[in-house]
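Each remark here refers to the structure printed beneath this line.
Quick note: numbers below take in every heavy atom, side chains included, and nothing from hydrogens, waters or symmetry partners.
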Amino acid sequence: NSLPAGAHRAANPPLGDTLWRLPRSGNRSIYTAIAPDRVLWYAIHVGPIRVDDDIVGASLLCIDITERRRASQERDDMIRELSARNAELERYAYTASHELRTPLVTIRSFAGLVEREGAKVNSKRVQADAARIANAAARMSERLEALLTLARLGRIAHLTQTLSLT
C-alpha cells in the first residue's frame, strides 16, 4: 500500500504495522491506519493530566476523521474539476466571440456600403434596409461583448459591500 504524502512509519505503533504517522502539528498528530480494504484517518490529541504542578498522567483522545478527510478530498476534487470546466468555458466563449466578430465586421462594412450606394440613387428603401442590417449587427456586437464579459467573470474578484439593514 502507498502512504499519504508526508507520512512515515510511527515508532512503536500501537496498532502494529498498520499505523502510520503524519508530521506532528501542535499537540495533535494525524494517523492513518491502512487496512487491506480501506484507509482510516484518526486525529489523536495527547495532553497532560496535572495535579497541582505535577504531571501524574496523560489523556489521549482519538477521533475518527476518515469521513471528514474523504469529504475534504471530494470537495477539493470537485473544485479542481469546476475550475477546469470554467477555464474551458471561458476559452470557448472567448473563441466563439472572436470567431463571430470577424463576419460581423464584414456585415457592418457592407451594410454601410449599401446604405451609401442607396443614398446615391436616392432609394429610401435600400437605405432603410441597410440601416436595419447595421442596427442588427450593432445589437449582435453588444451581445458578443456581453459574452466576453461573462467569460471573464471567473477572473474578476468579487467585491463585497456592507449594507445597513436598519
Side-chain angles (χ1 to χ4, degrees), residues 1-48 58-112 130-166:
N1 287 330
S2 64
L3 294 177
H8 61 276
R9 187 168 183 193
N12 301 318
L15 298 177
D17 289 339
T18 62
L19 193 66
W20 297 84
R21 182 172 183 263
L22 289 177
R24 187 171 165 78
S25 62
N27 69 343
R28 179 180 79 154
S29 295
I30 304 294
Y31 287 84
T32 179
I34 302 174
D37 59 340
R38 65 187 185 276
V39 174
L40 302 172
W41 292 88
Y42 297 96
I44 299 176
H45 301 268
V46 179
S59 66
L60 176 77
L61 175 63
C62 181
I63 303 169
D64 183 350
I65 59 169
T66 303
E67 284 307 312
R68 185 176 2 163
R69 294 285 286 221
R70 284 192 186 124
S72 177
Q73 182 63 47
E74 185 178 331
R75 184 198 69 223
D76 292 346
D77 292 345
M78 289 169 51
I79 288 170
R80 274 191 295 281
E81 183 180 344
L82 184 59
S83 294
R85 287 184 181 193
N86 281 344
E88 182 180 343
L89 181 60
E90 183 178 338
R91 285 190 304 275
Y92 173 77
Y94 182 82
T95 301
S97 176
H98 284 283
E99 289 294 321
L100 291 172
R101 195 171 296 269
T102 302
L104 186 59
V105 168
T106 303
I107 290 169
R108 292 174 86 173
S109 296
F110 278 113
R132 199 172 305 123
I133 292 169
N135 287 337
R139 283 193 311 275
M140 184 177 230
S141 181
E142 290 171 4
R143 290 183 179 128
L144 290 174
E145 193 58 42
L147 181 62
L148 276 175
T149 301
L150 180 64
R152 290 186 204 114
L153 280 180
R155 292 182 288 159
I156 297 172
H158 298 286
L159 301 175
T160 58
Q161 181 179 1
T162 304
L163 298 175
S164 173
L165 299 178
T166 58

Problem set entry | ring-ring contact (aromatic ring centres under 6.0 Å, His included) partners for F110, two or more places apart |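 F110 satisfies ring-ring contact (aromatic ring centres under 6.0 Å, His included) with no other residue.
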
List for me each residue that meets salt bridge (charged side-chain N to carboxylate O under 4.0 Å, His left out) alongside [X], sequence neighbours excluded, and say none if there are none.
X	value
E81	R85
R143	none
D77	R80
E142	none

For this session: Report the residue from R68, R69, R70 that forms a side chain to side chain contact (heavy atoms under 4.5 Å, CB included) with T66.
Result: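 Running side chain to side chain contact (heavy atoms under 4.5 Å, CB included) over R68, R69, R70 with T66 returns exactly one hit, R70.
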
Problem set entry | Minimum side-chain heavy-atom gap L61-I63 below 4.5 Å |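 Yes, at least one pair of side-chain atoms sits under 4.5 Å.
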
If you measure from [atom1] on [X] to [atom2] on [Y], what distance do you get to the nearest 0.5 Å?
X	Y	atom1	atom2	value
I107	S109	CD1	OG	10.0 Å
S97	L147	OG	CG	5.5 Å
W41	I65	CH2	CD1	7.5 Å

For this session: Identify whether the distance between the nearest side-chain nitrogen and carboxylate oxygen of E88 and R91 falls below 4.0 Å.
Result: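 R91 and E88: not salt-bridged.
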
Review item, side-chain donor-acceptor pairs of residues 134-141, under 3.5 Å, at least two apart:
from, atom 1, to, atom 2, distance (Å)
N135, ND2, A131, O, 3.4

